Amino acid sequence: MDGEHPIEDGFAAARLFNQGYSYTYDDVIFLPHYIDFPTESVSLSTKLTRNIDLSIPCVASPMDTVSESSMAVSMAALGGIAIVHYNNTPSDQYSIIRSAKSRRIPFASDPIFKSPSDFIGSGDDFASSPCVFVTRNGDSKSELLGLVSRSNWAKSGEIGIRVGDCMEAVAAAGSSRYDFDQAASFLARNEVDWAPLVSGDDGEVVDVFSAEDVERIRGFPKLGLPSLGADGDFMVGAAMGTREEDKERLEHLVRAGANVVVLDSSQGNSIYQLEMIKYVKRRFPELDVIGGNVVTAYQAQNLIQAGVDGLRVGMGSGSICTTQEVCAVGRGQATAVYKVASIASQSGVPVIADGGISNSGHIVKALTLGASTVMMGSFLAGSNEAPGAYVIQDGRRVKKYRGMGSLEAMMKGSDARYLGDKSKLKVAQGVVGAVADKGSVLRFIPYTMHAVKQGFQDLGASSIQSAHELLRSSVLRLEIIVAFMLLESVYSFDLLKLIEIELSSTTYVLVTLYAVRTGAAQVEGGIHGLVSYEKKSGGGGSINKVDIHGLWRFTLSWGIAKLGLISFGFDLIGIIGVPSVKLYQLAIILKPCQTSVFTMSFLSKLRCITIDVTGTLIAYKGELGDYYCMAAKSVGLPCPDYKRMHEGFKTAYSDMAKKYPCFGFAAKMPNIVWWKTCVRDSFVRAGYDYDEETFEKVFRRIYSTFGSAAPYTVFPDSQPFLRWARERGLMVGIVSNAEYRYKDVILPALGLNQGSEWDFGVFSGLEGVEKPNPRIYEIALERAGNIAPEEVLHIGDSMRKDYLPARSVGMHALLLDRFKTPDAKSWSQSGALVLPGLVETQAWLTAENSSNGTAFSSQDGQVSSL
Ligand SMILES: NC(=O)C1=CN([C@@H]2O[C@H](COP(=O)(O)OP(=O)(O)OC[C@H]3O[C@@H](n4cnc5c(N)ncnc54)[C@H](O)[C@@H]3O)[C@@H](O)[C@H]2O)C=CC1
Ligand SMILES: O=c1[nH]c(=O)c2[nH+]cn([C@@H]3O[C@H](COP(=O)(O)O)[C@@H](O)[C@H]3O)c2[nH]1
């Protein structure tokens, strides 16, 4: 019987894609083939266009929330390319391309410029830069006169100081043409922590490069060769339109040195594009042109005949796309890539699979189905290199990501497409959303590429070319995964029920979801009476682009949270989709992949850690008397008595704190006045009487010392712990009874920076609320995006100011006993978890059964709970 009915494993692509279905990546799965080579020998080198080679098949999309200089530099350094968007003026686009092409290292900072008559009011003026550059007109183009370094400004303690009065000469400046090794050895040779990199052409400061950057870049995994043009510069692509005025833009792009242009349109098979392709090829025969977007063989053929060097494929497949809903036109991306690549390969035109990439598996699918590269928007938009700042939303660090056809992008665009003709109605074809922080592309793209190589190895394809051949010769086989046709667009989900079923000693979990088509397509632009649609960044009841793993992980974590279950670990064994008029009911059947129930670490329950500063992250160095003595000596006075001084200060400080709480916040007392009053009173109480001029000098010295890093030391486990927590996706908030200089000067000077060690701060001097008032903890919860208190752990060193008020608002709390205080015993006895430091805290947080609060013995051997 077997001989009569040979087993057919899967379908050949030609058969699968010729049945009238429009498949997305998630609809299809490849069957594994045969491995006879190691993962490392898979080559992902490829062609972007007929004449441009890349070491990796990655292209950053021409979107204004994805591709500007920073992305262009990093993508080229990795061996891919970015296409700079054109939602700007031609001269702005020119500058972005020039800026990227003037770099040699995978890095682009944002130097700050001021003129000599400007003021520095606070540490915020430095943003994250170690200095402010002083130029004649206060912009990057005018003559460089000097700089103000953050550390020297901090030491001076001067507030509202004029830049011209504290400017220093630029001691060492490197060349912006330095490659990475040259820049690193320049810093080492000159024994400086940072230096400006200056353009050789016009002396303009291009970047500030620091020893920290050297370490960071050295730590990134390495890929193949960078993408360099014939000019030796990083390769950069540029997008443009198909209107008459785009011919003028083209001149700017060519002058900027763009290596390839992309005619950026959702429907490329138009008379406008065909004519523009011919125009560009006539005007600049050496410049490669990518046409698109197309999704059919017919469209592709027209563009190929017009002379394109590459084709961009995808209509309505992007994560922010709503074209298929608005226009009822498009194609499932797997089908589109296969169809277009089949025809384009006959003319040797490489295909870019554009949109819908949300994991490495999608990249494997796109490349195997015939694409030579993938173009990505959302996959890159959460990276450090994408334009825009991170913000905290619903407790997560996110960056804005928006469709270029969204109302917001159209309104921003200077392009005549939309704004030139005000009489035209604007209909949005994209939404505005937010994507989670992913760190640097320099780190996650190499890992993604490694995963792609593993996929290729499973398919038995040692290169992209070989995958194409295996597919066309029907050696590679595919099958369909049902139900994902339903999920191709923007949905919100509501969990209906989650039932555990016991069947033949195995527990199955049946999850029923309503996947509601939100009609996001229509929502934006107010077409259906709504004004805007903000797509959630995940969690909290809605998810971004639906992919199978995302869906079941999301469902599980949500369902499990709702049921209060803590067991985990399931295999997806089936999905049943039942469409009705507007709702899709999905039953997801999950089978536990291991029967033993295990408990989770406490860490997995948390979304945020708040932490106290003094006594917890940092400590005072030396005695108060040391600094008062130094200040007195600096004006030729003898040292005041240490003990008297200490007592005097203690009383003066508590008096001031009572009279003018929060460093004079409510009384609107300037910080410097608050301290001046306190220091004067301290001296008086200690029995010293100085004339006004002498006191002023002594005070200035004391004020600037305590506004710098000098009197503080950081506990060695502080920075590693904070970074570790953030790397695990937790938000870190500082909650401190401190004045603004902690935030602006002291913490950064001690290497504890917002953005790398902590996300948000609640400082009493800036909020007008201080510990032990529980309100300060409520503010922290708000700052974290109004998250639930039980998702937050507060760490501090005071029972009265940290533990009790944090617990009173419902947060978890633990105490550090850094200095072996006798009080620690009573803290433990009263039920608080007390740990010696942050190393132990980290161990406790990750202990497997810490979630029940009994995993760790505190230092006195007593088991405590939270
Ligand atoms: N890949 C996709 O599925 C989609 C992508 N997008 C993105 O949104 C942005 C805007 O896309 P589109 O709206 O398609 O831009 P587009 O500039 O190609 O088209 C806008 C409108 O202008 C018209 N037009 C273009 N050139 C013309 C000329 N010379 N004379 C008269 N009319 C002309 C077009 O026919 C269209 O009606 C692009 O960045 C695109 O990549 C938007 C929707 C879908
Ligand atoms: O329907 C759309 N409306 C839009 O407003 C829009 N903006 C960009 N794009 C396309 O989406 C691609 C990026 O998709 P991903 O985020 O999935 O990578 C991009 O590369 C584009 O092809 C749009 N499509």
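Quantities reported herein were computed from a predicted structural model and do not represent experimental measurements. Ligands are counted one by one from 1 in listed order, and the atoms in each one are counted from 1 as well.
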Of Val313, Thr296, Val337, Val294, the one forming a side chain to side chain contact (heavy atoms under 4.5 Å, CB included) with Arg331 is Thr296
Option whose closest heavy atom lies nearest to [atom], chosen from [options]:
atom	options	answer
atom 3 (O) of ligand 1	Gly316, Ser270, Ala336, Gly377	Gly316
atom 42 (C) of ligand 1	Pro62, Gly318, Ser266	Ser266
atom 8 (C) of ligand 2	His85, Met63, Met376	Met63
atom 7 (N) of ligand 2	Arg312, Arg402, Met404	Met404
atom 22 (O) of ligand 2	Val432, Val435, Val66, Asp354	Asp354

Can you find an N or O of [X] that's nearer than 3.5 Å to an N or O of ligand 1?
X	answer
Glu244	no
Ser265	yes
Gln267	no

Residues pairing under salt bridge (Lys or Arg N to Asp or Glu O under 4.0 Å) where one sits in residues 347-360, two or more places apart or in two chains, turn out to be Arg312-Asp354
- prompt: Between Asp246 and Arg249, does at least one N-O distance fall below 4.0 Å, as a salt bridge requires?
  reply: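 Yes.
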Exercise for review: Check each atom of ligand 2 against the heavy atoms of Ser319 and keep those under 4.0 Å away; list them by number with element.
Suggested key: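 The atoms of ligand 2 under 4.0 Å from a heavy atom of Ser319 are 14 (O), 15 (P), 16 (O), 17 (O).
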Margin query: Within the 4.0 Å heavy-atom shell around Ser406, which atoms of ligand 2 are there?
Written below: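 What qualifies from ligand 2 is 5 (O).
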Logged contact type for Asn293 with ligand 1, heavy-atom cut-off 4.0 Å, is side chain
The answer for which part of Phe379 has a heavy atom under 4.0 Å from ligand 2 is neither
Notebook entry, point to check: Looking only at heavy atoms, is any part of Ser358 under 4.0 Å from ligand 2, and if so is it the side chain, the backbone, or both, or is it neither?
Noted result: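 None of Ser358 does.
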Query raised in the report: Taking only residues two or more places apart in sequence, or in another chain, which ones meet Lys47 in a side-chain hydrogen bond (donor to acceptor under 3.5 Å, both in side chains)?
Result: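 side-chain hydrogen bond (donor to acceptor under 3.5 Å, both in side chains) check on Lys47 returns Asp53.
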- Message: Any heavy atom of Gly314 closer to ligand 2 than 4.0 angstrom?
- Response: no
Closest non-hydrogen contact found for Val66 with Ala381 is CG2-CB, 4.2 Å
- Item | Contact check: Pro62 vs ligand 2, nitrogen or oxygen atoms, below 3.5 angstrom | no
